[in-house]
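Chain letters run A, B, ... following the sequence lines, proteins first and then strands; every chain starts at 1. Since this is a predicted model, take the numbers as computed values, not measurements.
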2 protein chains.
Amino acid sequence: MTRKTPSSERRSHALSREAIVEGAIELLDTEGERGLTFRALAARLCTGAGAIYWYISDKDELMAAAADHVLGLALATVREESDPRAAIRADALALFDAFEAHPWAGTSLSLDPQQSAMVRFLERIGSRLITIGVPPQARFDAWSACVNYILGVAGQNAAQARSHPHEASRNATLQAVADSWKRLDPTTHPFLHETATHLPGHDDRAQYLAGIELILAGVDRTLVPVR
Amino acid sequence: MTRKTPSSERRSHALSREAIVEGAIELLDTEGERGLTFRALAARLCTGAGAIYWYISDKDELMAAAADHVLGLALATVREESDPRAAIRADALALFDAFEAHPWAGTSLSLDPQQSAMVRFLERIGSRLITIGVPPQARFDAWSACVNYILGVAGQNAAQARSHPHEASRNATLQAVADSWKRLDPTTHPFLHETATHLPGHDDRAQYLAGIELILAGVDRTLVPVR
DNA sequence: ACCTGAACACCGTTCAAGT
DNA sequence: ACCTGAACACCGTTCAAGT
């Protein structure tokens, strides 16, 4: 329950921004988004609720820092790839996995330069488009599409996780959605009626990657043909 | 301030789910996401806070219903297009505008079949891909990419609007982001250093549409060549 | 059936007071 | 400089009581 062992891991009162952010992440992961409160976090850090405000100005800032931390860890796991397209895929998948493990992170990311991992991510995607050879005029849009897609899906996952917290209930929900689509009139809703069959068992991650592939295919069209 | 005129618009106590949702939307639009509280909404509807629970089970459900309502209005504004690609573009832009006008809506949308406008939107995109002639195997992924991109950007906009509520401060923030990117080492951050120049004045809406275009270009690659 | 509004169990945030 | 924890100004939600 409570931490009493002095042990070797520093004295109990080494309060720091990093310790706060890491405590917040653990709380978010174990108790969910509603589980992160200043009171609960203070209790976990063996301090008063107000102490946190010495290091962090806001709950929004705390969430943003936690999300950026998670993003940084995800980026660190990605192996270097020589092929820029493979590198973009690898980054995208790493973020997908990270946001699946920490769904609360999906909504707290922005262009904010304070989020240093975010800056690194944005640069990585952009520099890979340079390597691919996307011409300057097309580059900004291609980058925006990649980044928006990757972060956007993360946000969608977050919204979904918020409404269906448990994994088991997520599958059940998907099945319920499919059932309701099957009940739609095939004349007015031909697509959903048909897609209902594929929805329940489908591989989210593979489908996400297929989206990346479509964008990359579109980007290839903007390349000046080399010959 | 308060509504007293009996006028012709029904007696003051015609409380209904629709009136609640519309009141919520007005509150969200005028006061922001934090402005929607059961107390404030009840006051606006001249009733008690608990009365709302007769029609709506939850704040989440209220947000979802408000977002779906806004989505429905947006879809209704779109002119019929005969070209399926133009139709997808038109839908995408309508949603972009709607989510810019109501940024709080971006995070409350899901596959939930209760959200009837959402169902209509999902079907529209899918049926247009059928018209384009995307083969069944590729169709599900193409649909997912389009829908994820459109809703994902909406969610990103919502996150951004949450942190930078006012329009003026949004431009200032973009400028500040660009400045910080310009200060990055061009050796380690070649892309962001260069992109900083284009960031402040850029057209969000056009760039969003360019992303749709990239996905559509990728989708075209999956078409079986007709000859 | 539908509405009221006080009451409950929380929040984020502040700030005087301590060390 | 850094920490404490009570106090303030809120929340969403419930529920006995009313009509």
Problem - Nearest-neighbour nucleotide for the Ala51(B) side chain, dG12(D), dA7(D), dC3(C) considered - result: dC3(C)

Practice task
Using modelled atom types only, decide if a donor and an acceptor are shared between the side chain of Asp68(B) and the backbone of Met118(B) within a distance under 3.5 Å.
Solution key: yes

Practice task
State the pairing partner of dC11(D); accept Watson-Crick or G-U wobble contacts with both distances under 3.5 Å, and report none otherwise.
Solution key: none

Fill in the blank from the handout: Which of dC2(C), dG12(C), dG12(D) is nearest the side chain of Trp54(B)? It is dC2(C)

Exercise for the section: Answer yes if the side chains of Thr187(A) and Asp185(A) hold a donor-acceptor pair under 3.5 Å, and no otherwise. Expected result: yes

Handout entry: Backbone N/O of Leu111(B) and side chain of Gln160(A): donor-acceptor pair under 3.5 Å
Key = no

Completion exercise
Note: for Gly50(A) and Ile52(B) on DNA chain C, the residue whose nearest nucleotide lies more 5' is Ile52(B)

Problem - Residues Glu100(A) and Arg205(A) bridged, charged N to O under 4.0 Å - result: no

Exercise for the section: Using whole Å, report how far CG of Leu45(B) lies from P of dG5(C). Expected result: 14 Å

Handout entry: Length of the CD-P vector between Glu31(A) and dC11(C), whole Å
Key = 11 Å

Practice task
Measure from the side chain of Leu15(A), starting at C-beta and using heavy atoms only, and say which of dG12(D), dT14(C), dC3(D) lies closest.
Solution key: dC3(D)

Exercise for the section: Would you indicate what Leu36(A) reaches in the nucleic acid, counting non-hydrogen atoms under 4.0 angstrom: base, sugar-phosphate, or nothing? Expected result: sugar-phosphate

Practice task
Would you indicate what Ala42(B) reaches in the nucleic acid, counting non-hydrogen atoms under 4.0 angstrom: base, sugar-phosphate, or nothing?
Solution key: nothing

Problem - Minimum-distance nucleotide to Tyr55(A) side chain [options: dC3(D), dC3(C), dC11(D)] - result: dC3(D)

Fill in the blank from the handout: Here the distance between atom P of dG12(C) and atom CZ of Arg39(A), to the nearest Å, is 7 Å

Practice task
Give none if dC3(D) has no partner; otherwise give the nucleotide forming a Watson-Crick or G-U wobble pair with it, both distances under 3.5 Å.
Solution key: none

Exercise for the section: Would you kindly give the CZ-to-C1' distance between Phe38(B) and dA9(C), to the nearest whole Å? Expected result: 16 Å

Problem - Atom-pair distance (CG on Leu41(B); P on dC3(C)), nearest Å - result: 13 Å

Exercise for the section: Would you please classify the geometry between the Trp104(B) ring and the His102(B) ring as parallel, tilted or perpendicular, with 30° and 60° separating the classes? Expected result: perpendicular

Handout entry: Atom-to-atom span, CE of Met63(B) to P of dT13(D) - whole angstrom
Key = 12 Å

Handout entry: Rounded interatomic separation in angstrom, taking CG from Asp58(B) and C1' from dC11(D)
Key = 14 Å

Practice task
Identify the nucleotide, in any strand shown, that forms a Watson-Crick or G-U wobble pair with dA17(D), with both distances under 3.5 Å; if there is none, say none.
Solution key: none

Exercise for the section: Please report, rounded to the nearest Å, how far the P atom of dC10(D) is from the CZ atom of Arg34(B). Expected result: 10 Å

